[in-house]
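Input: a single structure, listed below in structure tokens.
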Amino acid sequence: MIFSAEDPPLIFSELALHERLQKALDQQQFTQATPVQEATIPEVLKGKDLIVNAETGSGKTAAFLLPMLHHMQNNPAPRSSTRGLILVPTRELARQVLAECEKLAGFTWLKAGIITGGDDFRHQVNTLRKNPEILIATPGRLLEHMENSNTDFSDLEYLVLDEADRMLDFGFSPDMLKIADECREERQTLLFSATMKPKGMGELIRFVLTNPETITLSTARDKHENIHQQIMLSDDNPHKERLLSWLLKHETFDKALVFSNTRDNAEHLFNLLDRQGLQVGVLHGDMDHKHRKQIMNRFQDGQINILVATDVAARGLDIKGVQLVINFDMARSGDDYVHRIGRTGRAGEKGLAIALIGPNEWNLMSSIERYLKTRFEKRSIKELRGSWKGPKKVKASGKAAGSKKKKINKKDADKTKARHRVKKNIGKRRKPAEASGTAVDAGFEPLRRKKS
DNA sequence: AAAAAAC
């Protein structure tokens, strides 16, 4: 099923949600449902298993919270154990989902609890004893509680995987399978992401879901119309650092998010910008939980306006005022890139995303361009212009290619590349189907040669 | 090759 955002918007009251939920929506002045909410809420209420694809910042969280809360509010089950379990990939995202849940459920008696690493274990045992209807959790700590028999999912009605492709990838899938195995079989399972590719994970999905319906909202990764995307070619990291400082000092933004591919480099960039007197913080998985919380709070309420982070901050986080995203290192895949830049341009706002591209990131960048079916705008800063102008033009078939004057018509060049790519892909499709799984998952991988 | 998620 494919929905278009061009249909007239639906007013929340038409969904006939429970009056106490409607009251919370009114209070927060949410009058119109977003397209993903409009498409998903009725289907969840019908009891279907769903795979939902919708772009970053389109309102997916409320799309699963509202129908869950509505159903629970209309069907009280005071003696039931956990009724809804929501799994997310990071602690920060868990806190955010909890906050949204508490807001929407504010006029009901429904309760939500949070179970993540880093927080006090015994305190969480107490939370679980109170038996809230909804649990929001990261997999690792939840499994510990499960092993200690602190949980009971034998009555579970809803299992939700937020950032579902991430939750089912290699890093998380063993934990996910263990958790899903303990959940009541007659439950309803909902998968949400901006970059979900059901074909790439057939077996996992069959294990977790029953007769799922797929809902795909248009423009998941095709358009990103409200995010202006640019690249800057850079010689090396020192050059990138000069570009970074320049951008942070000359661009106008309320908040900026800078992505680095490693924790070490995130720390390094933080120190660099901090020494320059910028209001900056850093976030990565090697920091203790208290510090992580503190930095997030400070970024949220504007005490710092620049956050340097690893991919811990790439998915799901909804921080008001992030108008600039800088990829100091290019994202490792097209999907990672989509999630990173999706921290800006949320809920119809405008945003700017700039990737600094070093000589060894050229191939990565162009494979992401092909994956997104887009061409990034090249930008350079006069005062900081580097010497590297991109890769040397490679000749097509041994004919003269040395002359720099000879410019290839851009459209022709694109066509040539497209043909080349199609041929490669045809070759791949003829291979046995088992190869397709990993190839599709990685985002840009289909365009790369396999390592035999 | 590397981020995240457990203690």
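So that the names make sense, note that chain A is the first sequence line, chain B the second, and so on, each numbered from 1.
Residue A:Arg166 places no side-chain N or O under 4.0 Å from the OP1 or OP2 atom of B:dA5. Distances shorter than 4.0 Å separate some side-chain N or O of A:Thr310 from OP1 or OP2 on B:dA4. Residue A:Arg340 has no polar side-chain atom (N or O) positioned under 4.0 Å from OP1 or OP2 of B:dA3.
You'll find that the side chain of A:Arg263 is closest to B:dA4, out of B:dA4, B:dA5, B:dA2. Checked against B:dA2, B:dA4, B:dA5, the side chain of A:Arg332 finds its nearest nucleotide in B:dA2.
A salt bridge between A:Lys178 and A:Asp181 is absent, with no side-chain N of the basic residue lying under 4.0 Å from a carboxylate O of the acidic one.
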How is the base pairing of DNA chain B summarised as a dot-bracket string, given the Watson-Crick and G-U wobble criteria with both distances under 3.5 Å, [ ] for crossing and | for another strand? .......
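Formation of a donor-acceptor pair under 3.5 Å by the A:Arg343 side chain with backbone atoms of A:Ala314 is found in this model.
For the side chain to side chain donor-acceptor pair (under 3.5 Å) test, residues two or more places apart in sequence or in another chain that qualify with A:Gln276 are A:Ser245, A:Lys249. For A:Asn150, the side chain to side chain donor-acceptor pair (under 3.5 Å) partners are A:His145, not counting sequence neighbours.
If you take CG of A:Asp329 and C1' of B:dA3, they are 12 Å apart, rounded to a whole angstrom. A:Asp288 has its CG atom 14 Å from the P atom of B:dA4, to the nearest Å.
Within residues 231-241 of chain A, no residue has any heavy atom closer than 4.0 Å to DNA chain B.
At a threshold of 4.0 angstrom between heavy atoms, the contacts of A:Arg122 with the nucleic acid are absent.
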Show me, pair by pair, the donor-acceptor contacts under 3.5 angstrom made by side chains of residues 353-362 of chain A, not counting sequence neighbours?
from: A:Glu361; atom 1: OE1; to: A:Lys240; atom 2: NZ; distance (Å): 2.6
from: A:Glu361; atom 1: OE1; to: A:Gly358; atom 2: N; distance (Å): 2.9
from: A:Glu361; atom 1: OE2; to: A:Met330; atom 2: N; distance (Å): 2.9

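Under the ring pair (Phe, Tyr, Trp, His ring centres under 6.0 Å) criterion, the residue pairs touching residues 246-280 of chain A are A:Trp246-A:His250, with sequence neighbours excluded.
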